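Everything numeric in this text was worked out from a predicted model, so none of it was measured. Both counts, for ligands and for their atoms, begin at 1 and track the order of listing.
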Amino acid sequence: MIPYKHEPFTDFTNEENKKAYQEALQKVEGYLGQDYPLYIGAEKVTTDDKIVSYNPADKEEVIGRVSKANRDHAEKAMQEASAAFESWKKVKPEIRADVLFKAAAIIRRRKHEFSALLTKEAGKPWNEADADTAEAIDFLEFYARQMLKLKDGVPVESRPGEYNRYDYIPLGVGIIISPWNFPFAIMAGTAVAAIVTGNTILLKPASTTPIVAAKFVEVMMEAGLPSGVLNFVPGSGAEVGDYLVDHPKTRFISFTGSRDVGLRIFNRASQLNDGQIWLKRVIAEMGGKDTIVVDKEADLELAAQSIVKSAFGFSGQKCSACSRAVIVEDVYDQVLNRAVELTKQLTVGNPTENHFMGPVIDQAAFDKIMSYVEIGKEEGRILAGGEGDSSKGYFVQPTIVADVDPKARLMQEEIFGPVVAFAKAKDFDEALEIANNTEYGLTGAVITTNRSNMEKAREDFHVGNLYFNRGCTGAIVGYQPFGGFNMSGTDSKAGGPDYLQLHMQAKTTSETF
Ligand SMILES: NC(=O)c1ccc[n+]([C@@H]2O[C@H](COP(=O)([O-])OP(=O)(O)OC[C@H]3O[C@@H](n4cnc5c(N)ncnc54)[C@H](O)[C@@H]3O)[C@@H](O)[C@H]2O)c1
Ligand SMILES: N[C@@H](CCC=O)C(=O)O
């Protein structure tokens, strides 16, 4: 077995890679507008009711149409998943892992095609789409290897005349509910973690990005996944989502998305329904309000670059995005002015032409972000951006709001768009206090050359992913396991050494002889 190594990113300054990506975009353009079915057991089901996926950079362009599951489909899929669990749980972990290895190989061969689809469906600029696809491959490669490590359990002590074992067995049927912002990596990663551990699943992708999910399901079938293990049920969160979360046969829910939907699921999953004989497990990865702290002893150019990249990469639509820059007053003006200068150089446009920033995902996101820009005008000074245009696609200019009070809405609420608030702190200790003053705790970064301040932050900056002297986005599977504290979720570290165990239950056996 080759040791795990993350999938390298593509260098698009290389002409060959550029050409390959343009060809992939053409390929994807050749199959836009197609229909995709539900997968329920061995059946591909086509419904009249469809979820239509549009290009956020060109809202007239249809990416594809996916059949839409209703409660009856969800019920049928639950029955199929329950039946398939009885055989899939007995399949050797090596064979389950092989399905993931094969799927990774298929995706790697079609890497630019998948990324180009993300450019069209999610509005991802090339490098962001490439990173999303690379992360999907990483999850497949990493979790397959993790399963092989866990397949014989972990050693426990035995006394003379006794043989004790500690093994992991699967849970049952899981509901996988994924977001649109990493429509490939998070959707695929959460699905395969559940599958490789011997569970069967119902996958409900986000309604704005169902096509990449449908393509992933095709890959899993091509890789040899038996029918019934992965049931594909795109549908309305309120209808299909609630129904499946409440279902007595649901054993666990793996959710990634917003705080409010996460809380709703957490709450509903705690209710006992007729016929239910277990406590449902919930893995919930939710929102963030992430801060970069800049010390007075710091590389200030690095600070400005890190803030701009983390705030505006993929238009700030990452749970890890920097939406707060907290800067010690001695260097506040310098970092702010440089960040403004860098921001004004960014280009915004159709991501097929590979601008730094593409659109935001849809009209609702556009309206929400622009409403925060208005709030920003009241709560601070807009020094860059502040404008949006939704005539053709949903474009928002990268926006910097200066001199914001640490308790202001802009500093507390997740905006999920290209808006970053700057706040001044009198010293490093106050900067850390401000960094910790939200209900979230997902990512953060500290830019400093002061070792003792770095160690203080290591201890006291309460986030699941803390970075020093770099931005706060871009965790790599297996290198920086990803997940947050407090209202950012259950800190179920995706891409980490203990993630798979969340999808299993440990069984102790003790034999006397
Ligand atoms: N912590 C992380 O790892 C992480 C990663 C990516 C995104 N996010 C968060 O996700 C959010 C953006 O994604 P989004 O807009 O897709 O989130 P969302 O909460 O609106 O939707 C996420 C998923 O939940 C589904 N859903 C909606 N209502 C439901 C219900 N009642 N029952 C079951 N499912 C339901 C949606 O259809 C979608 O598939 C942001 O808050 C972001 O911070 C977190
Ligand atoms: N894992 C990604 C963020 C995922 C959420 O949007 C990062 O580290 O930037």
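Ionic pairing of K318 and E128 is present here: one or more N-O contacts between side-chain nitrogen and carboxylate oxygen are shorter than 4.0 angstrom. Using a 4.0 Å cut-off between charged nitrogen and carboxylate oxygen, R409 and E379 do not count as a salt-bridge pair. Comment: R264 engages D242 in a salt bridge, judged by a side-chain N to carboxylate O separation of less than 4.0 angstrom. Comment: K76 engages E80 in a salt bridge, judged by a side-chain N to carboxylate O separation of less than 4.0 angstrom. Ion pairing between a basic and an acidic side chain is recognised when a charged N comes within 4.0 Å of a carboxylate O; K124 and D132 show such pairing. The pair E414-K368 does not count as a salt bridge, with every side-chain nitrogen at least 4.0 angstrom from each carboxylate oxygen. Electrostatic pairing of K493 and D498 does not count as a salt bridge here, judged by no charged N lying under 4.0 Å from a carboxylate O. The pair E439-R259 meets the salt-bridge criterion, with a side-chain N (NZ, NE, NH1 or NH2) lying under 4.0 Å from an Asp/Glu carboxylate O.
For the residues N465, D242, T190, the heavy atom positioned nearest atom 31 (N) of ligand 1 is part of D242. Taking only non-hydrogen atoms, the option from A494, G241, G237 nearest to atom 30 (C) of ligand 1 is G237. Looking at C472, A185, G257, G474, it is G474 that brings a heavy atom closest to atom 7 (C) of ligand 2.
Atoms of ligand 2 found under 4.0 Å from any heavy atom of A475 (numbered from 1 in listed order, with element): 7 (C), 8 (O). Within the listing of ligand 1, atoms 39 (O) sit less than 4.0 angstrom from a heavy atom of P205. Taking a cut-off of under 4.0 Å to the non-hydrogen atoms of C319, the atoms of ligand 2 that pass are 3 (C), 4 (C), 5 (C), 6 (O). Counting atoms of ligand 1 from 1 in the listed order, those under 4.0 Å from a heavy atom of I186 are 5 (C), 6 (C). Shown in contact with N181 at under 4.0 Å from a heavy atom are these atoms of ligand 2, numbered in order with element: 5 (C), 6 (O). Taking every non-hydrogen atom of G257 and a distance limit under 4.0 Å, the qualifying atoms of ligand 1 come out as 8 (N), 9 (C), 10 (O), 11 (C), 17 (O), 19 (O), 22 (C), 41 (O), 44 (C). Residue-ligand proximity, F255 to ligand 1, at heavy-atom distances under 4.0 Å covers atoms 19 (O), 22 (C), 23 (C), 24 (O). Those atoms of ligand 1 with a heavy atom of T256 less than 4.0 angstrom away are 2 (C), 3 (O), 4 (C), 5 (C), 6 (C), 22 (C), 44 (C).
With a heavy-atom cut-off of 4.0 Å, S178 touches ligand 1 through its backbone alone. Contact annotation: for R264 versus ligand 1, heavy atoms closer than 4.0 Å belong to the side chain alone. Contact annotation for F182 and ligand 1: no heavy atom of the residue comes within less than 4.0 Å of the ligand. With a heavy-atom cut-off of 4.0 Å, S236 does not touch ligand 1 at all. Only the side chain of N181 comes within contact range of ligand 1, with a heavy atom under 4.0 Å; no backbone atom does. Residue-level proximity to ligand 1 for D260 is absent, since no heavy atom of it falls below 4.0 angstrom.
Considering only non-hydrogen protein atoms, atom 14 (P) of ligand 1 sits nearest to W180 NE1, 3.4 Å. Looking only at heavy atoms of the protein, atom 44 (C) of ligand 1 is closest to M286 O, 3.0 Å. Among all protein heavy atoms, the one lying closest to atom 25 (C) of ligand 1 is I177 CG2, 3.5 Å. For atom 43 (O) of ligand 1, the nearest protein heavy atom (residue, atom name, distance) is E414 OE2, 2.6 Å. Looking only at protein heavy atoms, the nearest one to atom 17 (O) of ligand 1 is S258 N, 3.4 Å. Residue, atom and distance of the protein heavy atom nearest to atom 2 (C) of ligand 1 are C319 SG, 3.4 Å. Scanning all protein heavy atoms for the shortest distance to atom 3 (C) of ligand 2 gives S320 OG, 3.4 Å. The protein atom (non-hydrogen) at minimum distance from atom 36 (C) of ligand 1 is K204 NZ, 3.8 Å. Among protein heavy atoms, atom 13 (O) of ligand 1 sits closest to P179 CB, 3.5 Å.
For F356 and F312, the gap between ring centers reaches or exceeds 6.0 Å. Annotation: F416 is in aromatic contact with W180 [ring centroid separation under 6.0 Å].
Looking at M220 and V192, their side chains come closer than 4.5 Å, going by heavy atoms from C-beta outward.
Side-chain atoms of D295 and T448 include a donor-acceptor pair closer than 3.5 Å. T352 and N350 are linked by a side-chain donor-acceptor pair at a separation below 3.5 angstrom, with hydrogens and angles left out of the test.
For G489, the heavy-atom gap to ligand 1 stays at 4.0 angstrom or more. At least one heavy atom of F416 sits closer than 4.0 Å to an atom of ligand 1.
The N/O atoms of Y467, backbone and side chain alike, include none that comes under 3.5 Å of an N/O atom in ligand 2.
Partner of Y143 under the ring-ring contact (aromatic ring centres under 6.0 Å, His included) criterion, out of Y4, Y499, F101: Y499 alone.
By the 30° and 60° cut-offs, the orientation of the rings of Y243 relative to H247 is perpendicular.
Proximity of atom 41 (O) of ligand 1 to the protein is indicated by at least one non-hydrogen atom lying closer than 4.0 angstrom.
In this structure, E60 places its CD atom where only 12 or fewer heavy-atom neighbours from other residues, nucleotides or ligands lie under 6.0 Å away. Within a 6.0 Å sphere centred on NZ of K44, heavy atoms belonging to other residues, nucleotides or ligands number 12 at most.
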